[in-house]
Amino acid sequence: MTKTAEKVDTVTIRFAGDSGDGMQLTGTRFTSATAAIGNDLATLPDFPAEIRAPAGSLPGVSGFQLHFADHDILTPGDDPDVLVAMNPAALKANLGDLAPGATVILNADAFTSQNLKKARYAADPREDGSLEQVRVVEVPITTLTVGALEDVPDLNKKQKQRAKNMFALGLMSWMYSRPTAPTLEWLREKFASQPTVAEANIAAFEAGWNYGETTEVFDHRYEVAPAQLPSGRYRQITGNLALSYGLVAAADRAGLRLFLGGYPITPASDVLHELARHKSFGVQTFQAEDEIAGIGTALGASFAGQLGATVTSGPGIALKAETIGLAIAVELPLLVLNVQRGGPSTGLPTKTEQADLFQAVFGRNGEAPLPVIAAATPGDCFHTAIEGARLALRYRTPVIVLSDGYLANGAEPWRVPDVDDLPDLRDDAAFTTEPNGPDGEFLPFLRDEATLGRPWAVPGTPGLEHRIGGLEKAEGTGNISYDPDNHHRMTELRQAKVDRIADDIPPLEVDEGEGPGPRLLVLGWGSTYGPVAAAVRAARREGHAVAHAHLRHLNPFPANLGEVLARYDRVLVPEMNLGQLRTLLRARYLVDVQGYNRVRGLPFTTRELVEAIAAQLTDVDADR
Amino acid sequence: MSQTTELPTLTKKDLTSDQEVRWCPGCGDYAILSTVQSVVPELGGPREDLVFVSGIGCSSRFPYYMDTYGVHSIHGRAPAIASGISASRPDLKVFVMTGDGDALSIGGNHLIHALRRNVNLTIVMFNNQIYGLTKGQYSPTSELGKITKSTPAGSVDHPFNPVSVALGAEASFVARSIDNERAHLSEVLRRAAEHEGTAFVEVYQNCNIFNDGAFDAVRGNKEQQIRLEHGEPIRFGADGERGVALAGTGELTLVDVAAVGEDALLVHDAHREDPGLAFMLSRLAHTPTGPTPIGIFREVSRPVYGQALQAQIDDAIARRGPGDLAELITGRDSWEV
């Protein structure tokens with residue numbers, strides 16, 4: 001007998017367990033199966049910085065949230081409809097995020113007195129009424145997993161228990177009618193060299209599925225129809241993967257080789273790992289002795305004619321600041337990718353934040369302007385990396401590209417672009433091969449009139465031998481100059497070069513929605529795009545008139561930004577910092593921009609932003 | 001040593017830039033510049049393939065005076081920047097010109113990692129045992145007790161022996177010479193520049209303003225110079241009457257040749273895989289006040305970083321063909337909407 005399926009339009013589930021329980025893997029697999037069905041989706045992996053905190057403890061809880069729907073969605077969801085908690089600590093750490101009526105699937109086997117103590121539960125939460133608001137389904141996941149693997153040879157009990165995450169995945173796959181074939185195929189491939197382990201995981205997965213199908217605990221399952229997304233070829237992508245592909249694509253479109261100098265740092269290391277795999281594209285990766293050498297080698301490679309790039313997170317940017325200053329002084333193309341995390345100092349390595357905007361815009365000695373851009377979604381990291389390369393190459397400047405921990409690890413379906421539609425960067429990347437001076441000499445600091453960029457003459461080019469360095473240079477010749485007026489002029493020229501980019505980027509577009517003209521503009525940047533857009537939609541559904549705009553270019557700003565800000569009675573800037581963009585806007589445009597600011601290491605929820613929008617609208621009305 | 005069969009196409013004049021040299025009159029840097037400008041044309045490569053990279057300090061002004069490609073970079077970071085140039089362009093001949101403060105203090109980390117990686121670089125470290133550009137503070141090679149502006153009561157900082165540091169990092173080529181001993185310096189620099197991998201050359205360089213005469217005990221003094229020659233017994237002194245021998249304790253000792261006999265002398269082997277003996281030679285004089293070895297301590301062949309990196313790329317392309325961007329970004333699991 002097959003149970004009936006109820007159609008639902010959107011579901012948010014969260015897998016939570018010990019960091020050794022394989023929750024990230026479980027979530028990622030569920031996501032892949034969900035993507036294959038054609039649902040729209042967004043994910044939020046949330047894990048501790050410790051690789052293995054003590055088993056069963058609260059700091060060791062690792063979670064993976066997935067929101068999927070039959071329509072276009074923008075966030076990983078506010079409250080989970082279903083929480084899978086593999087132990088008491090996972091329940092305790094996540095219970096507060098659940099709305100009344102949510103379903104909690106507990107691994108009953110893990111609720112031992114020892115585990116309850118590790119989770120700092122004074123009493124068993126199943127018995128003291130603390131779960132009254134939610135629907136609890138207790139499943140002896142560990143026992144059922146070991147039972148299902150009875151006939152699997154050569155594995156001890158502990159090894160068998162390790163497959164319990166696949167039981168949970170099987171059960172959830174049944175519950176939400178996910179296809180099983182891709183997961184089974186993936187397991188066979190992943191454990192091709194360990195057939196017994198593959199067999200165990202498959203058996204556990206199938207046991208989970210069958211448990212849903214046959215027991216009376218679950219009376220029906222759910223279906224979520226495919227989403228109606230714009231036509232095209234789609235894949236699932238995370239921000240770090242998209243950033244990596246963006247760099248490969250930029251080098252390809254520029255006819256250059258990519259050189260990545262980097263140093264391991266959370267949450268940016270995956271870009272280094274990914275690029276190290278693409279040697280057939282001529283990509284060179286250099287794991288340096290420190291962050292400084294990471295950018296140093298990249299700048300050296302740029303001087304030598306490669307697309308030089310370095311990838312890091314906030315603390316790494318602090319170390320790279322001096323070399324970024326040198327890149328500004330010698331005016332060479334260079335990509336500096338900052339996958340932001342919670343700060344200051346080591347801060348929250350695995351959590352998201354966007355508090356490095358000031359550091360990106362200002363964080364160097366002297367007048368040291370450079371372009372700063374930020375990605376909005378995981379997939380947008382691809383296009384933002386290419387835009388960063390375009391600016392770096394055309395204007396012969398370092399560019400800071402901002403991503404963050406949420407984009408880095410979050411996944412979404414991504415429409416794969418046609419390679420021929422990507423910008424052609426070959427003209428911007430062209431090397432100078434002939435002398436440019438009036439007397440047949442080479443003037444390394446004679447600027448292009450349109451871009452103010454200087455010639456890029458790479459070693460190996462006869463007749464263009466020249467020296468560059470961090471000392472101030474005379475305009476044109478590039479010789480060392482301590483001349484007061486020359487320094488003032490060169491400082492202005494470096495600023496003018498960056499300012500000029502404002503004319504080479506699209507004007508800021510505002511989505512005003514339908515109906516009467518809104519008086520409130522909500523302006524976002526970076527990874528807040530999803531939650532802000534979702535909150536604006538929700539506010540409009542409640543009948544509010546709200547305009548929405550999102551900045552990709554943070555330095556310089558789009559040319560029309562001042563005019564846009566002046567159009568509205570109120571401007572609200574939600575940021576995962578204490579108001580950095582807001583401060584820049586107020587200073588630059590003298591507009592009384594309002595902020596909504598939280599640094600909880602997590603993306604905004606739609607709900608809190610809807611409330612922030614409503615509060616602003618109340619104020620606007622009061623001002624009338 | 002390989003001798004190029006082509007006639008040098010460059011002259012010293014070709015490598016001399018139009019920039020006025022601004023070191024103090026009497027500085028040892030002049031002699032090093034002149035020697036480098038004479039030796040480099042003999043290497044035989046075209047001028048456009050030469051890159052000089054420096055950090056910050058008196059010695060680091062060097063690239064401005066060479067009419068080649070050059071980068072005057074950041075204090076201590078020259079080995080990192082040069083590594084990026086060399087690793088990404090194995091066709092170039094890359095020099096790092098640095099000083100004792102630049103290479104061993106602020107840039108010590110980059111130096112040892114360049115040496116262990118064996119990037120194709122010729123690192124020439126001007127050791128004057130003082131900070132000159134900042135006007136006379138003690139450096140990481142200044143002797144204990146050194147009185148300077150920042151150590152009025154004498155330095156309590158134990159110094160590095162640069163050759164020991166380089167050998168400790170397993171550099172494949174390690175040598176020492178002296179600024180105004182032109183023939184010796186020329187030969188050492190030539191061999192260093194021809195070496196495949198990272199070559200480290202310490203040059204004793206006089207700072208006549210802040211540390212005048214620091215190397216006078218060794219400079220031009222046969223009694224005090226232990227000239228290392230590969231394959232030769234190690235002897236020194238006005239008539240080679242003294243020598244270096246391996247004592248029964250496993251340590252090196254200075255001996256009278258007449259007393260122990262020539263067969264008892266240690267024969268210098270710069271090509272030994274193990275850097276241990278070369279390290280012991282570097283310890284004969286922790287500071288250049290007594291008998292001090294100069295010449296090539298170590299010259300061995302190791303895989304070169306840039307070449308190995310390129311080989312991996314060539315291998316990947318040979319096995320898989322050149323990368324296809326559309327295939328890469330589409331991935332294996334995609335679907336049509």
Side-chain angles (χ1 to χ4, degrees), chain A residues 32 35-36 38 182 229-236 245 248-249 252 257 259 261 278-284 286 288-290 292-293 296-306 308 322-323 326 330 382 415-419 459-471 479-480, chain B residues 17-19 46-54 56 63-64 66-89 91-92 94 109-110 112-114 309-310 312-313 315-317 319-323 325-326 328-331 333-337:
Chain A
S32 292
L229 299 171
S231 66
R233 180 150 286 275
Y234 280 77
R235 63 167 292 161
Q236 189 201 148
Y245 287 174
V248 175
D252 186 88
R257 292 213 311 187
F259 181 101
H278 300 302
K279 295 191 170 29
S280 61
F281 287 84
V283 174
Q284 295 189 319
F286 188 105
E289 58 272 22
D290 59 23
I292 298 170
T297 52
L299 182 61
S302 283
F303 177 68
Q306 329 296 330
E322 191 180 15
T323 310
L326 178 64
V330 299
F382 178 82
R415 202 175 69 78
V416 180
D418 190 329
V419 166
T461 314
L464 304 190
E465 292 84 0
H466 65 285
R467 277 65 60 196
I468 57 173
L471 286 170
N479 291 331
I480 298 172
Chain B
S17 80
D18 59 357
Q19 297 296 294
R47 179 171 66 170
E48 62 269 19
D49 287 352
L50 298 169
V51 185
F52 282 78
V53 184
S54 66
I56 296 293
Y64 289 116
M66 297 293 294
D67 196 3
T68 64
Y69 285 92
V71 184
H72 177 222
S73 73
I74 303 172
H75 203 17
R77 317 301 171 209
I81 287 165
S83 290
I85 297 171
S86 178
S88 71
R89 290 282 304 276
D91 57 312
L92 300 174
V94 185
N109 196 37
H110 305 307
I112 58 174
H113 288 280
L309 190 60
Q310 186 58 45
Q312 287 189 341
I313 288 171
D315 177 58
I317 292 171
R319 280 188 293 113
R320 281 179 259 165
L325 185 58
L328 173 74
I329 65 176
T330 305
D333 292 319
S334 66
W335 64 95
E336 198 73 33
V337 172

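In what follows, every chain begins at residue 1, and chains take the letters A, B, ... in the order their sequences are listed.
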| task | Under 4.5 Å heavy-atom distance to chain A, tell me which part of B:Ala326 shows up: side chain, backbone, both or neither. | result | both
| remark: Applying a strict 4.5 Å limit to non-hydrogen atoms, the region of A:Pro182 in contact with chain B is neither
| query | So, B:Ser17 side chain and B:Tyr64 main chain: donor-acceptor pair closer than 3.5 Å or not? | reply | yes
| field | Engaged part of B:Asp67 at the chain A interface, taking heavy atoms whose separation is under 4.5 Å | value | both
| task | Find out whether A:Ile468 and B:Tyr69 are in side-chain contact, i.e. whether some heavy atom of one side chain is under 4.5 Å from a heavy atom of the other. | result | no
| Exercise: identify the closest heavy-atom pair between B:Ile313 and A:Lys279 | CG2-O, 3.5 Å
| said: Which atoms of A:Gln306 are under 4.5 Å from chain B, going by heavy atoms: the side chain, the backbone, both sets, or neither? | reply: side chain
| field | Heavy-atom pair count under 4.5 Å with chain A, highest-scoring of B:Gly76, B:Pro322, B:Gly331, B:Ser88 | value | B:Ser88
| query | What part of B:Gln19 lies closer than 4.5 angstrom to a heavy atom of chain A: side chain, backbone, both or neither? | reply | side chain
| said: Under 4.5 Å from any heavy atom of chain B, what part of A:Ser32 do you find: side chain, backbone, both or neither? | reply: neither
| task | Quick one: which of B:Leu50, B:Thr68, B:Asp49, B:Val71 has the most heavy-atom pairs under 4.5 Å with chain A, could you say? | result | B:Thr68
| note | Most contact-rich option vs chain A, by heavy-atom pairs under 4.5 angstrom, among B:Ala316, B:Gly70, B:Ala80, is B:Gly70
| message | For the interface with chain B, which of A:Leu229, A:Thr323, A:Leu471, A:Leu299 has the highest count of heavy-atom pairs at distances below 4.5 Å? | response | A:Leu471
| request: Verify, without hydrogens or angle tests, whether A:Arg415 (side chain) and A:Gly232 (backbone) share a donor-acceptor contact under 3.5 angstrom. | output: no
| Backbone N/O of A:Gly463 and side chain of A:Glu465: donor-acceptor pair under 3.5 Å | yes
| request: Specify which of B:His113, B:Arg77, B:Arg319, B:His110 makes the most heavy-atom pairs with chain A at under 4.5 Å. | output: B:His110
| request: Flag the pair A:Val248 / B:Ile329 as yes when at least one side-chain heavy-atom distance between them is below 4.5 Å, and no otherwise. | output: no
| message | Can you tell me which portion of A:Arg257 sits under 4.5 Å from chain B's heavy atoms? Options are side chain, backbone, both or neither. | response | side chain
| note | Whatever's closer than 4.5 Å to a heavy atom in chain A on B:Leu325 counts as both
| Interchain contact, A:Phe286 with chain B, by part (heavy-atom threshold 4.5 Å) | both
| field | Option in A:Val283, A:Ile480, A:Val330, A:Asp252 with maximal non-hydrogen atom pairs under 4.5 Å from chain B | value | A:Ile480
| task | Please say whether more than 12 non-hydrogen atoms of neighbouring residues, nucleotides or ligands are located less than 6.0 Å from CG in B:Asp333. | result | no
| Going from CG on B:Leu92 to CD on B:Glu48, what distance comes out if it is rounded to the nearest 0.5 angstrom? | 10.0 Å
| request: Please determine, among A:Pro459, A:Pro462, A:Gly460, the option with the most heavy-atom pairs under 4.5 Å with chain B. | output: A:Pro459
| note | Between B:Pro79 and B:Ala114, the two heavy atoms sitting closest are CB-CB, 4.2 Å
| Which pair of non-hydrogen atoms, one from A:Phe303 and one from B:Ile85, has the smallest distance, and what is that distance? | CD2-CD1, 3.7 Å
| query | Parallel, tilted or perpendicular for B:Trp335 and A:Tyr234, by the 30°/60° rule? | reply | parallel
| message | Using heavy-atom distances under 4.5 Å, tell me whether B:Arg47 contacts chain A through its side chain, its backbone, both, or neither. | response | both
| note | Cut-off 4.5 Å, heavy atoms of chain B, and the answer for A:Ala298 is neither
| message | Please classify the contact between B:Val51 and chain A as side chain, backbone, both or neither, with a heavy-atom cut-off of under 4.5 Å. | response | side chain
